[in-house]
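To keep things clear, I will list the structure first and then write my remarks on it.
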Amino acid sequence: MTHFGDHQTAIYAQGMFLGQIPAITTDLAGLEARAAEVLEPAALGYVVPSAGGGSTARANVAAFERWRIVPRMLRDHARRDLATTVLGTSMAAPVLLGPVGVQTLAHPDGELASARAATALGLTNVHSTQASHSLEEAAGASGDGSRWYQLYWPSDPELCESFLDRAHRGGYTHLVVTVDTTLLGWRPADLDRGYLPFLAGEGIANYTSDPVFTRRLERPASEDPGAAGLAFASVFPHPGLSWDRLAWLRERWAGPIVLKGIQHVDDARLARDHGMDGIVVSNHGGRQVDGAVASLDTLPAIAEAVGSDLCVLFDSGVRSGPDVLKALALGAEAVLLGRPYLYGLALGGQAGVEHVLRSLLAELDLTLAGAGWSSLADLGPHCVVRA
Ligand SMILES: Cc1cc2nc3c(=O)[nH]c(=O)nc-3n(C[C@H](O)[C@H](O)[C@H](O)COP(=O)(O)O)c2cc1C
Ligand SMILES: O=C(O)C(=O)c1ccccc1
């Protein structure tokens with residue numbers, strides 16, 4: 001497996017310095033601006049904006065500023081290794097490629113490029129229900145890499161069963177059930193442009209490749225993508241979903257189940273009490289409830305309450321190596337990336353995704369070393385202070 005730590009960081013930084021690696025940019029904070037130069041307006045309008053006026057998306061990033069790392073000195077950190085195991089899956093670093101839909105908006109290779117990049121680096125890709133490539137195609141692209149599947153639980157139970165069967169047959173071992181998007185949030189940028197990719201037939205490959213879904217269509221999706229988009233729009237919303245439905249899912253899926261979108265301590269406890277294996281503390285990158293609390297601000301109390309019973313993962317607002325270190329120090333076992341790797345995809349396909357991930361992991365490694373630590377196991381609340 002790829003090693004991130006002492007050797008890898010130095011080699012990658014040296015390669016960029018010598019111009020052997022075409023550095024798209026090493027300025028991770030500047031990725032969004034660079035991606036904005038290459039993304040089509042329609043794609044840009046879908047990817048970058050958040051719900052409402054973007055207050056939660058900004059708060060997600062600002063929350064990281066309020067925690068500062070307190071470096072320790074003269075502690076041997078010559079041997080470092082970022083490798084970890086999350087719910088039984090080995091990973092070269094505590095960073096997953098989070099579920100992001102409609103990736104062909106960023107690059108024609110879409111989810112295939114992300115799956116390949118994840119496998120090349122020994123990281124785990126979470127394939128979205130809302131993908132532009134089907135879960136079977138993405139499984140092929142993953143090769144011998146690990147595979148997790150993100151479920152948008154459709155209101156049609158037969159379709160849901162079909163998704164689960166296909167994910168299992170496709171070699172996906174873990175289910176990430178996104179619970180914060182039973183309805184799409186209020187997104188003015190999408191509404192003002194009058195454009196939603198799925199209504200144009202994009203980002204619904206998992207549906208149009210599904211026998212249950214296609215049986216309900218009058219004409220093949222290739223002949224009438226608009227009708228397929230409308231059919232999707234009728235099965236996607238699921239506002240009636242509630243905790244008592246999880247028993248059914250628990251019966252139906254033998255592998256680990258992770259609930260994505262938890263923001264309250266009591267919901268974290270409910271996830272545990274309903275037999276879930278993990279949670280992702282997340283507010284969907286601020287794309288759902290504008291005005292919601294910054295994701296990082298909810299992490300310490302949730303990790304404190306359930307961290308010993310459940311695998312606690314984190315996303316929303318992670319933009320750099322130091323951000324990853326702060327989230328781990330505050331109780332996350334690993335983080336999911338959203339927009340940053342999508343910007344890498346827009347800028348350079350698979351190579352762009354790999355570049356963003358390698359840069360972020362090199363920065364994480366140097367931050368770990370500079371703060372005086374050698375291993376992820378050393379991290380905890382003692383490594384940071386609230387400023
Ligand atoms: C363009 C886009 C599409 C997304 N699609 C999905 C999706 O299909 N399923 C899902 O669970 N989350 C989806 N998310 C949310 C991400 O998984 C993740 O929670 C979020 O991007 C994290 O915030 P960040 O982008 O600020 O890092 C999407 C996010 C973006 C930006
Ligand atoms: O855009 C999103 O954030 C997302 O998760 C989603 C939800 C439904 C359809 C497409 C994407």
Side-chain angles (χ1 to χ4, degrees), residues 24-65 95-111 113-114 117 126 128 130-132 150 152 178 180-181 183-200 202-203 260-261 280 282-296 314-320 323 335-349 352-353 355-357 359-360:
I24 294 163
T25 174
T26 52
D27 171 23
L28 294 168
L31 269 178
E32 183 169 310
R34 292 293 303 275
E37 292 167 12
V38 301
L39 281 168
E40 297 288 333
L44 191 66
Y46 173 65
V47 171
V48 179
S50 311
S55 139
T56 293
R58 287 189 298 276
N60 283 340
V61 173
F64 279 94
E65 287 290 315
V95 174
L96 295 87
L97 286 75
V100 167
V102 212
Q103 292 187 21
T104 47
L105 284 180
H107 189 278
D109 296 341
E111 291 82 6
S114 299
V126 188
S128 164
Q130 222 46 53
S132 340
Q150 177 262 327
Y152 271 132
T178 300
D180 61 15
T181 309
L183 297 165
L184 217 50
W186 181 255
R187 300 182 185 174
D190 290 337
L191 295 167
D192 282 357
R193 281 175 307 115
Y195 173 75
L196 280 174
F198 9 99
L199 295 184
E202 280 217 61
K260 174 172 181 281
V280 185
S282 166
N283 59 30
H284 211 106
R287 293 164 73 82
Q288 284 300 103
V289 178
D290 195 31
V293 58
S295 192
L296 192 71
F314 175 86
D315 82 20
S316 298
V318 177
R319 296 292 176 270
S320 69
D323 288 352
V335 305
L336 283 66
L337 288 182
R339 292 179 182 88
Y341 85 84
L342 200 68
Y343 297 148
L345 180 66
L347 288 163
V353 176
H355 173 74
V356 166
L357 293 167
S359 299
L360 185 127

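Note that the numbering runs from 1 along the sequence shown for the chain. The figures here come from the full heavy-atom set of this structure, side chains too, leaving out hydrogens, waters and symmetry mates.
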Short side-chain to backbone donor-acceptor contact, R193 and A42, under 3.5 Å:
yes

For L28, is there any backbone N or O sitting under 3.5 Å from a side-chain donor or acceptor partner on S359?
no

May I ask you to test the W186-D290 pair for a side-chain heavy-atom distance under 4.5 Å?
no

Between R187 and Y46, which heavy-atom pair has the shortest distance, and what is it?
NH1-CE1, 4.2 Å

What's the separation between atom CG in L39 and atom CG in L342, rounded to the nearest 0.5 Å?
7.5 Å

Where the side chain of T56 meets the backbone of A292, is there a donor-acceptor pair that is under 3.5 Å apart?
yes

Set of side chain to side chain contact (heavy atoms under 4.5 Å, CB included) partners for E32, sequence neighbours left out
V48, Y343

Where is the tightest heavy-atom contact between A294 and A63, given as atom of each residue plus distance?
CB-CB, 3.7 Å

For R34, check side-chain hydrogen bond (donor to acceptor under 3.5 Å, both in side chains) against everything at least two apart and list the hits.
none

Heavy-atom closest pair, residues L105 and E202
CD2-OE2, 3.9 Å

What orientation do F64 and F314 show, parallel under 30°, tilted 30 to 60°, or perpendicular over 60°?
perpendicular

Quick check against the 3.5 Å criterion: does R339 have a side-chain atom that pairs as donor or acceptor with the backbone of S316?
no

Would you tell me whether N283 and S295 have side-chain atoms, one donor and one acceptor, within less than 3.5 Å of each other?
no

Say whether, by atom type as modelled, one donor and one acceptor occur between the side chain of S320 and the main chain of D323 under 3.5 angstrom.
yes

State whether the side chain of D315 and the backbone N or O of S282 hold a donor-acceptor pair below 3.5 Å, judged by distance alone.
no

Would you say the side-chain atoms of Q288 pair up with the backbone N or O of L183, donor to acceptor, closer than 3.5 Å?
yes

Quick check against the 3.5 Å criterion: does S132 have a side-chain atom that pairs as donor or acceptor with the backbone of Q103?
yes

Would you say L357 and L337 make side-chain contact, with heavy atoms under 4.5 Å?
yes

Partner set under side-chain hydrogen bond (donor to acceptor under 3.5 Å, both in side chains) for Q150, not counting sequence neighbours
S128, T178

Distance-minimising heavy-atom pair for G285 and S50
O-OG, 3.9 Å

Side chains of L97 and V353: does their closest heavy-atom pair fall under 4.5 Å?
yes

May I have the step-by-step check of side-chain contact (heavy atoms from CB on, under 4.5 Å) for L345 and V100, ending in yes or no?
CA-CA 12 Å; L345 180 66; V100 167; over 6 Å; no

Step by step, work out the side-chain contact (heavy atoms from CB on, under 4.5 Å) result for F198 and L184.
CA-CA 12 Å; F198 9 99; L184 217 50; 3.8 Å; yes

Given 3.5 Å as the limit, does a donor-acceptor pair link the side chain of R58 with the main chain of G53, or not?
yes

Hey, could you give me the OG1/CG distance between T26 and L31, rounded to the nearest 0.5 Å?
9.5 Å

Run the numbers on I24 and V356 for side-chain contact (heavy atoms from CB on, under 4.5 Å), then give the verdict.
CA-CA 8 Å; I24 294 163; V356 166; 5.7 Å; no

